[in-house]
Amino acid sequence: MSDKIVLLDGHSILNRAFYGVPDLSNAEGLHTNAVYGFLNILFKILDEEQPQYLAVAFDLHAPTFRHKMYDQYKGTRKPMPQELREQVPVIQEVLAAMDIEIVTKEGYEADDILGTLGRKCEAEGMEVTIVSGDRDLLQLATDHILIRIPKTVKRVTTIENYHTAEVLEKYSLLPKQIIDLKALMGDTADNIPGLPGVGEKTATKILLQYETLENAHAHFEEIKPNKAKEAMRDHYDLAELSKKLATIDTDAPVELDREKAALSNFYTSKAYEMFKRLEFKNLLGRFEETNAEPEDAVFLRTVTDFSEAEELFGTIAKEEKAGAALLTEETPKDGPMADRSRSLVGMAVAYGSGEPDVVYFPAEGFLTGDYLKEKLTELQKQIPVFCVMDGKEFLKDMPDADEAHLFDAGIAAYLLNPLKSQYSYDDIVKEYVHRYVPAVEEIFGGSKIPAAGKMTPEQQESYAGHQAYAVFAAQENMEKLLKEQGMWDLYRNVEIPLVFTLRQMEADGIAAEKEALSVYGAELAERIGELEAQIYEEAGEEFNINSPKQLGVILFEKLQLPGGKKTKTGYSTAADVLEKLAPDHKLVADILEYRQLAKLKSTYADGLQAVIGKDGRIHSTFNQTITATGRISSTDPNLQNIPVRMELGRLIRKAFVPKPGCVFLDADYSQIELRVLAHMSGDENLIEAYREAEDIHRMTASKVFHVPLEEVTPLQRRNAKAVNFGIVYGISSFGLGQDLGISRKEAEAYIQQYFETYPGIHEFLNRCVEDAKEKGYSVTMFGRRRPMPELKSSNFMQRSFGERVAMNAPIQGTAADIIKIAMIRVAKRLKEEQLKTRLLLQVHDELLLEVPEDELEKAEQILEEEMTGAAHLAVKLEIDMHTGNNWYEAK
DNA sequence: GTTATCACG
DNA sequence: ACGTACGTGATAACA
């Protein structure tokens with residue numbers, strides 16, 4: 001059997017894949033559809049062909065040399081869309097990670113490289129397969145060179161195969177005559193002009209008779225269709241040029257490096273990382289059987305001997321920097337946070353200069369969990385730079401950690417790119433150390449991390465060790481980048497202190513009365529039952545009201561209500577659709593009420609009861625690395641979306657109570673985002689409006705609608721308020737119209753008048769978009785960045801989204817910065833003044849404190865001072881503050 | 001696991 | 001012409 005080689009036309013396949021695969025992008029906003037499609041085609045070909053060699057050819061310049069000649073001639077080449085362009089380096093990176101040979105040559109196209117290598121390999125007795133989307137390549141087909149052309153029709157990829165015989169069969173021409181064919185008929189996709197008026201039919205007929213272009217020209221007077229004859233006579237220069245354009249150079253100065261092209265195991269750890277980052281989940285399966293060894297592994301070791309450990313701790317204590325990772329087991333794994341007990345299973349420490357030593361200490365024998373914790377706490381206080389992956393998690397086991405020494409790599413990575421959905425140690429190493437360590441999937445053979453106690457000793461060492469290595473190795477570069485990007489102050493003086501504040505909030509939790517929730521839930525259940533019966537009766541049948549699909553069928557098919565389709569899967573039954581129908585149909589009104597109550601019961605009445613711990617408190621988790629704008633989020637449960645707007649829902653807040661002897665103290669910023677906007681835009685009129693008026697929405701209405709302040713109607717005020725909100729969201733006339741239930745045109749007029757009233761805001765918003773377009777990211781007052789890849793999109797919708805985000809992110813982000821600062825300041829004051837008052841919750845513009853009755857006055861003063869003093873803006877920061885014996889009263 | 005809906009700022 | 005408000009998380013249904 002002779003050797004087989006597969007040669008791929010990189011750009012051409014990428015291009016095919018781009019247009020054949022629907023738009024995909026990963027969490028970073030990077031488009032990935034073409035890369036995904038490319039890899040699918042590659043794997044399919046390799047599975048089928050089982051070649052010994054593989055190489056991929058790329059043009060060096062996207063608009064290629066040969067085509068440029070014609071571009072100058074006619075200048076009609078469309079630029080490559082940005083979404084495709086950005087994927088070119090990605091596929092090259094992926095191929096490189098897979099150790100696949102990439103061949104390029106200055107001054108030559110991929111075609112020429114494929115042609116040359118193909119001929120050479122054939123001459124050496126190999127079987128050659130060339131894969132391209134470009135039919136030009138058919139000219140290369142022989143009995144030993146197979147041209148394969150993938151086509152995607154309706155999401156199914158099929159591949160056409162051509163040896164000489166197949167070319168003859170399909171085109172009635174020899175492969176080398178394909179050149180003449182193109183010369184005559186042209187190829188718009190490739191910008192080959194051909195002869196005017198000559199298509200495939202005529203061209204084939206001419207070539208069947210005369211074999212070549214030149215021979216045909218010599219006999220042009222005999223050519224049959226008159227049009228073709230004249231074209232041949234008058235435009236032969238075009239055909240000659242076309243032939244030149246269509247001819248593939250099979251004598252380019254390129255060589256195949258057999259060693260590099262030899263197909264080895266390309267399931268490398270680098271490739272695995274790339275696939276993971278690109279979120280090609282079903283391609284990851286290909287890696288499972290192969291066990292890729294990292295090429296330059298981090299050296300790890302496990303120490304179990306007590307005196308050796310003691311000695312090591314002594315050495316490490318003198319270090320300037322260390323990285324650490326804890327393996328902790330939580331039991332039981334579900335149920336309320338407070339009911340779980342934690343035990344240390346082991347810990348890893350990375351230290352040293354240059355290539356670090358990484359040591360894993362299992363908590364066993366004389367090295368007990370308590371001993372290790374004690375030692376690590378000491379180390380943490382001694383070592384100036386102490387790096388961990390997740391500081392807040394670390395504090396659960398090391399509550400006495402020193403803030404000044406802590407480097408939280410997860411938070412650093414979040415600030416450097418807040419768009420990622422996860423901050424994993426392996427990504428961090430890849431991104432900031434340019435090295436590869438095994439990810440959890442590789443260590444555990446699945447994306448799930450088993451309980452620490454269930455891991456094998458090897459897995460424990462690898463997981464904890466690589467994590468300790470990662471934070472240690474990445475720290476320097478991350479710190480440098482944070483400083484370069486002007487975020488070091490934000491990192492050091494806001495985010496890191498906040499880690500400690502949030503940890504305290506989580507640990508304290510908030511008391512909730514199970515009984516009250518249960519009673520509330522029972523009341524809801526009663527009314528839900530009534531509604532259910534009514535709905536079935538009105539609908540004439542029983543169905544699952546919670547199923548939008550079934551509900552849509554009942555409403556819009558069975559009962560023929562107007563409202564039609566809206567979502568891709570069927571009818572929309574969202575509240576705004578149903579509300580339009582509710583006044584005329586009792587059924588719809590009942591459904592809306594049912595929905596509301598069902599939500600309250602399942603999410604709040606039942607949901608909250610389930611997370612109350614044995615201590616009677618709810619310990620939510622506050623996430624600091626989730627949002628794109630810098631806000632924090634709350635999960636398990638989410639305490640930032642407890643009902644308040646509707647009275648019935650609001651009653652839930654009566655179940656949240658202070659502990660005995662305490663009261664709640666709640667304060668929220670008054671229109672913080674609008675005030676931030678006034679400050680950042682510097683708009684004199686808005687700033688002045690804030691100085692003059694109690695009620696900013698009324699004031700805005702007065703100015704926008706040119707009526708005296710006292711004569712502003714409630715409707716005018718409502719509209720002005722909506723515009724104020726809209727501005728903060730990155731206004732669009734459509735969105736505003738939707739919100740106010742008016743036409744796009746009317747909304748447009750409001751916006752216009754608003755901008756006339758506050759011209760500085762108009763300028764500011766434009767500047768936000770322009771700046772973000774230029775720099776690729778937006779910035780808050782405190783330096784927080786948000787990258788905005790969408791702004792470069794050629795897709796109108798995505799770009800518009802980017803523009804709105806560019807207007808919103810600096811405002812929402814700055815407000816988020818301010819309340820974070822306020823939280824730190826409040827926490828600091830409480831500590832300094834040794835109060836027992838505790839910060840319990842943050843709800844974006846609101847803080848809830850649990851205050852011993854005798855500290856109330858002091859706490860009020862602190863809260864007022866620290867919240868309003870958190871930032872100095874051109875307008876005052878004002879708060880509304882209340883006390884109460886539950887959250888309902890305090891709000 | 002994804003989709004639709006709805007709770008909050 | 002395109003088709004939207006910005007930022008989150010939990011639940012139930014459905015595949």
Side-chain angles (χ1 to χ4, degrees), chain A residues 281-282 418-419 447 543-552 566-578 591-592 594-608 610-611 620-623 626-646 648-650 652-653 668-669 671-674 677 722-723 725-740 744 747 751 768 778 786 790 793-813 815-816 819 841-846 891:
Chain A
K281 286 174 190 136
N282 46 4
L419 298 187
S447 61
F543 64 101
N544 189 342
I545 310 170
N546 288 319
S547 164
K549 198 177 158 194
Q550 294 180 37
L551 181 59
K566 224 180 126 186
T567 62
K568 40 193 147 184
T569 48
Y571 305 100
S572 169
T573 64
D576 59 337
V577 175
L578 299 192
I591 288 167
L592 281 169
Y594 172 92
R595 277 245 185 98
Q596 199 186 3
L597 302 194
K599 176 96 177 180
L600 291 174
K601 183 166 187 325
S602 68
T603 304
Y604 301 104
D606 299 348
L608 290 174
V611 291
S620 174
T621 301
F622 293 101
N623 309 107
I626 296 287
T627 71
T629 52
R631 281 186 173 181
I632 58 177
S633 86
S634 157
T635 47
D636 196 24
N638 182 354
L639 292 181
Q640 291 180 321
N641 71 346
I642 304 300
V644 68
R645 292 174 191 170
M646 306 282 285
L648 180 65
R650 192 175 194 147
I652 294 187
R653 295 178 173 230
D668 65 288
Y669 280 115
Q671 303 124 13
I672 185 165
E673 291 182 343
L674 206 52
L677 176 65
V723 182
F725 267 94
I727 293 287
V728 170
Y729 290 156
I731 194 98
S732 80
S733 50
F734 189 96
L736 180 66
Q738 188 90 27
D739 186 57
L740 286 177
R744 203 194 54 83
I751 296 169
C768 281
S778 67
R786 167 170 180 173
E790 307 93 342
S793 172
S794 62
N795 177 308
F796 173 86
M797 201 174 67
Q798 285 187 28
R799 196 174 54 249
S800 304
F801 173 72
E803 286 167 2
R804 291 196 295 273
V805 165
M807 297 187 242
N808 172 265
I811 303 169
Q812 188 181 121
I819 193 154
L841 300 180
Q842 186 254 45
V843 194
H844 309 308
D845 67 348
E846 170 190 1
K891 174 77 187 169

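Quick note on labels: first sequence line is chain A, next is B, and so on, each numbered from 1. Note that these values count all heavy atoms, side chains included, but never hydrogens, waters or copies made by symmetry. Everything numeric here is computed off the predicted structure, so don't read it as measured data.
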Pairwise P distance for dA5(C) and dC6(B), with rounding to whole Å: 14 Å
Touch class at under 4.0 angstrom, heavy-atom based, for A806(A) against every strand present: nothing
Touch class at under 4.0 angstrom, heavy-atom based, for F725(A) against every strand present: nothing
Heavy-atom side-chain contact between D668(A) and V843(A) under 4.5 Å: no
For DNA chain C, stems built from three or more consecutive Watson-Crick or G-U wobble pairs below 3.5 Å: B:1-9 with C:6-14
Touch class at under 4.0 angstrom, heavy-atom based, for D739(A) against every strand present: base
Any residue meeting side chain to side chain donor-acceptor pair (under 3.5 Å) with S778(A), in chain and number order, not counting sequence neighbours: none
Sugar-phosphate only, base, or nothing, as touched by A809(A) at under 4.0 Å among non-hydrogen atoms: nothing
Sugar-phosphate, base or nothing in reach of G730(A), heavy atoms under 4.0 Å: nothing
Sugar-phosphate only, base, or nothing, as touched by N544(A) at under 4.0 Å among non-hydrogen atoms: sugar-phosphate
Touch class at under 4.0 angstrom, heavy-atom based, for S732(A) against every strand present: base
Sugar-phosphate only, base, or nothing, as touched by D668(A) at under 4.0 Å among non-hydrogen atoms: nothing
Within residues 599-608 of chain A or reaching into it, pairs that qualify as salt bridge (Lys or Arg N to Asp or Glu O under 4.0 Å) - sequence neighbours excluded: K601(A)-D606(A)
Chain A contact limits on DNA chain C, taken 5' to 3' with a cut-off of 4.0 angstrom to heavy atoms: dC2(C) to dA15(C)
By side chain to side chain donor-acceptor pair (under 3.5 Å) - contacts of T569(A) (at least two apart): none
Salt bridge (charged side-chain N to carboxylate O under 4.0 Å, His left out) partners of R786(A), counting only residues at least two apart: none
Sugar-phosphate only, base, or nothing, as touched by V728(A) at under 4.0 Å among non-hydrogen atoms: nothing
Spacing of the P atoms in dT5(B) and dT4(C) (rounded, Å): 14 Å
Sugar-phosphate, base or nothing in reach of R744(A), heavy atoms under 4.0 Å: nothing
Where at least one partner belongs to residues 632-642 of chain A, residue pairs that pass salt bridge (Lys or Arg N to Asp or Glu O under 4.0 Å), sequence neighbours excluded: none
Y571(A): ring-ring contact (aromatic ring centres under 6.0 Å, His included) partners, not counting sequence neighbours: F556(A)
Partners passing side chain to side chain donor-acceptor pair (under 3.5 Å) against E790(A) (at least two apart in sequence or in another chain): none
Donor-acceptor pairs under 3.5 Å, side chain of residues 729-739 of chain A to any protein atom, not counting sequence neighbours: which ones?
residue	atom	partner	partner atom	Å
S732(A)	OG	G735(A)	N	3.0
S733(A)	OG	R744(A)	NH1	3.4
S733(A)	OG	E748(A)	OE1	3.4

Under 4.0 Å protein heavy-atom contacts per nucleotide of nucleotides 3-9 of chain B, with B for base, S for backbone only and - for none: SSSBBBB
Set of residues satisfying side chain to side chain donor-acceptor pair (under 3.5 Å) with respect to Q596(A), sequence neighbours excluded: none
Short side-chain to backbone donor-acceptor contact, Q640(A) and Q842(A), under 3.5 Å: yes
Enclosure of F622(A) CZ (heavy-atom neighbours >12, cutoff 6.0 Å): yes
